[in-house]
Undergrad: 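Quick one: the structure is below, questions incoming.
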Amino acid sequence: MANVHLEFCSGISNSNPEDTPVIIAGQVNNLIKLPYEVVQGKFGDKVNKETFHSAIKSLNPCPTDDCSLWLKRIAVGALTNKCSRHNAPSRAHCLTKLVRGLWCGAKSETLLVVCEASDVFPLGCAVSRAFPLYNRKSTSNKGDDRRILKVEFYIPGGDEISEDNVKCLTEAAESIRQAAKIVDSPCAEMNTDHFLEEVKRVGEELSITPDIIRGEELASLGLNGIYSVGKGAVFPPALAILSHKPEGAKRTIAWVGKGIVFDTGGLSMKTKAGIVGMKRDCGGAAAILHAFRAAVKLGFSENLHCLLCLAENAVGPSALKPDDVITLLSGKSVEVNNTDAEGRLVLSDGVYYASTVLESDVIVDMATLTGAQSVTTGKLHAAILSNNEKWESAIVATGRRTADLCFPIVYAPELHFAEFSSAIADMKNSVADRGNAQCSCAGLFIGAHLGFDFPGVWVHIDMATPCYTGERATGYGVGLLLGLFGGSSHSLTLQSMSPFN
């Protein structure tokens, strides 16, 4: 589906279903409010009013249902209305599956989404996830196989889609697909060299020159967390920084991403089953990079830094070893008792750099950090750890609005940080008791290097399982960050997503 171009539209067009198949999708309570006259121009003489309304009444989604109205070229699909308080009211996750199943693959196709105005953003993002960009099937590059999917919206009650909506959805969708492409790419095509090329490409698009600290220079500057994790690989580790600094900015915000392009576990080697899929361990950095891209393209009024901690956790003669003691940028020493707890090492350097060198007031780190995340908050909700209760509540609310779901985990350093006690260093890098709030502890390790007395806002997002579904990446985190910081955006669409309005 890499050949699919998404075209978000502000109006509702007429078309011939023989040439342009149409999918109509939405929650049942919205579909029943869709007048036949609005869609009649897409049906030609193929579907009459009675058939259309009968089809909608026949739908019984659990969580989805669909009905073909004419030769699978006119279809209506329904999403369930059921939604508990920790789910997204838009039920956007269901739309991704529905669209993927109903799409015909025609040269040109139309999707009409029927929804509330508040659900336009999450549902538009959900559509983008149905069409991943990475594809190495032998049939994918034969001839002119470009496909166009026009995405239109109908809002019951008379509201119309604005040009601001269209621009926002276009940039968000592209960033989600590009982030997912990075995560889907195997390490042979997305090692640290390749990732840095992607950083440079985004920088060129935004007219920003990245700062790149790489290889031995990391060690010379004290960035030994990133350096030590990646020093055993053929392609050197790096800290890449993109900075947006507009005039009149009043705050400095840093987004820090874990970018382990492949994680063998190091000398604490993963199992045969556990190592498969570890190309995805750069999901945090991929989301951070492309959320930054979309945020800047849409206009951002505050200082915004994108920090990407890039390394391959490889096995080799110079690889980090258990029992090694390393001193991170924070000046704190770490006894390594598990080389497979590497993400926290690179992120600890990243957040400390953001705090001290870039003087950031708000720091968000995002990572596929722990296997414990899925046990703690499930496959769709990222785990949130924060030193600030207001921001903790805000990010949960943003998750429901954007459908990048998340849920808070216990923040109690005085209860849990002792799990890292070491006889010879300031701390170990892996807990003594894996049954004691392991997901929280992993985040607290990062917070310890930032400092538990850090006066600013720190939010840690562990999105180990939300970053993919089945065998495909989701681009999780792009929509969440755009919505969370929507108050600083020039986009009215993102401003409406902000929990601080």
Side-chain angles (χ1 to χ4, degrees), residues 211-232 236-241 243 252 254-260 266 305 307-311 313 318-339 341-365 367 369 385-388 411-414 416-432 440-460:
D211 293 325
I212 297 173
I213 305 169
R214 196 166 195 205
E216 297 299 325
E217 187 182 1
L218 290 166
S220 68
L221 294 177
L223 291 152
N224 290 307
I226 301 172
Y227 174 75
S228 297
V229 169
K231 66 180 181 177
L239 174 64
I241 305 158
S243 297
T252 298
W255 296 345
V256 186
K258 172 189 171 185
I260 303 299
H305 300 289
L307 295 89
L308 307 172
C309 307
L310 306 176
N313 190 17
S318 59
L320 182 67
K321 298 173 178 62
D323 294 336
D324 282 355
V325 177
I326 59 176
T327 300
L328 303 194
L329 186 62
S330 65
K332 293 181 171 67
S333 58
V334 178
E335 178 188 358
V336 177
N337 61 332
N338 182 3
T339 61
E342 84 297 331
R344 63 200 68 180
L345 296 175
V346 302
L347 284 174
S348 294
D349 276 351
V351 297
Y352 190 80
Y353 191 98
S355 171
T356 57
V357 178
L358 301 178
E359 299 181 330
S360 302
D361 310 300
V362 178
I363 299 174
V364 177
D365 74 74
L369 199 67
L385 188 73
S386 180
N387 66 348
N388 186 292
Y411 179 83
E414 68 279 12
H416 297 137
F417 192 68
E419 290 291 343
F420 294 107
S421 294
S422 168
I424 61 173
D426 294 326
M427 65 193 78
K428 294 182 178 179
N429 76 318
S430 190
V431 294
S440 291
C441 288
L444 288 174
F445 181 95
I446 301 166
H449 292 270
L450 184 60
F452 294 128
D453 57 352
F454 175 60
V457 174
W458 169 61
V459 177
H460 163 68

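Being a predicted model, the structure only gives us computed values, none of them experimental.
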Undergrad: Quick check: closest heavy atoms across S386 and V459, and the distance to 0.1 Å?
TA: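 For S386 and V459, the tightest heavy-atom pair comes out as OG-CG2, 3.7 Å.
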Undergrad: Between I213 and L223, is there a side-chain heavy-atom distance shorter than 4.5 Å?
TA: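 Answer yes - side chains close enough.
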Undergrad: Checking side chain to side chain contact (heavy atoms under 4.5 Å, CB included) for the pair F452/E414: CA distance, chi angles, key distance, verdict?
TA: CA-CA 10 Å; F452 294 128; E414 68 279 12; over 6 Å; no
Undergrad: Mind listing the closest non-hydrogen atom pair of D426 and G331 along with its distance?
TA: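 The pair with the smallest heavy-atom distance is OD2-O, 4.3 Å.
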Undergrad: For a 4.5 angstrom cut-off between non-hydrogen side-chain atoms, does F445 reach L345?
TA: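 Side chain of F445 against side chain of L345, heavy atoms only: contact under 4.5 Å found.
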Undergrad: A367 and L347: which non-hydrogen atoms are nearest, and at how many Å?
TA: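 What the structure gives for the nearest pair is CB-CD1, 3.4 Å.
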Undergrad: Please report the closest heavy-atom contact between S330 and H449, naming both atoms and the distance.
TA: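 Looking at all heavy atoms of both residues, the shortest contact is OG-ND1, 2.7 Å.
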Undergrad: What I'd like to find out is whether the side chain of L218 reaches to under 4.5 Å of the side chain of S220, using heavy atoms alone.
TA: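 No - every pair of side-chain heavy atoms lies 4.5 Å or more apart.
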Undergrad: Please step through side chain to side chain contact (heavy atoms under 4.5 Å, CB included) for the pair I363 and W255, ending with a clear verdict.
TA: CA-CA 6 Å; I363 299 174; W255 296 345; over 6 Å; no
Undergrad: Supply the atom-to-atom distance I226 CD1 to S348 OG, rounded to the nearest 0.5 angstrom.
TA: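 Reported to 0.5 Å precision, the distance equals 9.5 Å.
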Undergrad: What heavy-atom pair brings L444 and F417 nearest, and what distance separates the two atoms?
TA: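 Here L444 and F417 meet closest at O-CE1, 4.0 Å.
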Undergrad: Judged by atom type as modelled, is there a donor-acceptor pair below 3.5 Å linking the side chain of S421 to the main-chain atoms of A418?
TA: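 Side chain of S421 to backbone of A418, a donor-acceptor pair under 3.5 Å: yes, one is there.
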Undergrad: Can you name the nearest heavy-atom pair linking P236 to R214, along with the distance?
TA: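 Shortest heavy-atom contact: O-NH2, 3.1 Å.
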Undergrad: Could you go through the side chain to side chain contact (heavy atoms under 4.5 Å, CB included) check for S360 and H305 one step at a time?
TA: CA-CA 9 Å; S360 302; H305 300 289; 4.2 Å; yes
Undergrad: Is any side-chain heavy atom of S422 less than 4.5 Å from a side-chain heavy atom of F420?
TA: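 When only atoms from C-beta onward are counted, F420 and S422 do not touch, as no gap falls below 4.5 Å.
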Undergrad: Decide yes or no for N429 and N337: does some side-chain heavy atom of the first lie under 4.5 Å from some side-chain heavy atom of the second?
TA: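 They are in contact (side-chain heavy atoms under 4.5 Å apart), so the answer is yes.
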Undergrad: Assess whether side chain to side chain contact (heavy atoms under 4.5 Å, CB included) is satisfied between T252 and E359, documenting all intermediate values.
TA: CA-CA 7 Å; T252 298; E359 299 181 330; 5.8 Å; no
Undergrad: Would you call K258 and E342 a salt bridge, using N to O less than 4.0 angstrom?
TA: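 Salt bridge: yes.
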Undergrad: Hey, does Y352 have a side-chain heavy atom less than 4.5 Å from the side chain of V357?
TA: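 The answer is no, as the side chains (C-beta and beyond) never meet within the 4.5 Å cut-off.
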Undergrad: Answer yes or no: is there a side-chain heavy-atom contact under 4.5 Å between D349 and C309?
TA: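 In short, these two side chains do not touch, never coming nearer than 4.5 Å.
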Undergrad: As a quick check of understanding, evaluate side-chain hydrogen bond (donor to acceptor under 3.5 Å, both in side chains) for Y227 and E216, giving each step before the final call.
TA: CA-CA 8 Å; Y227 174 75; E216 297 299 325; 3.0 Å; yes
Undergrad: Taking the side chain as everything from C-beta on, heavy atoms only, tell me whether V346 gets closer than 4.5 Å to L310.
TA: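 Side chain of V346 against side chain of L310, heavy atoms only: no contact under 4.5 Å found.
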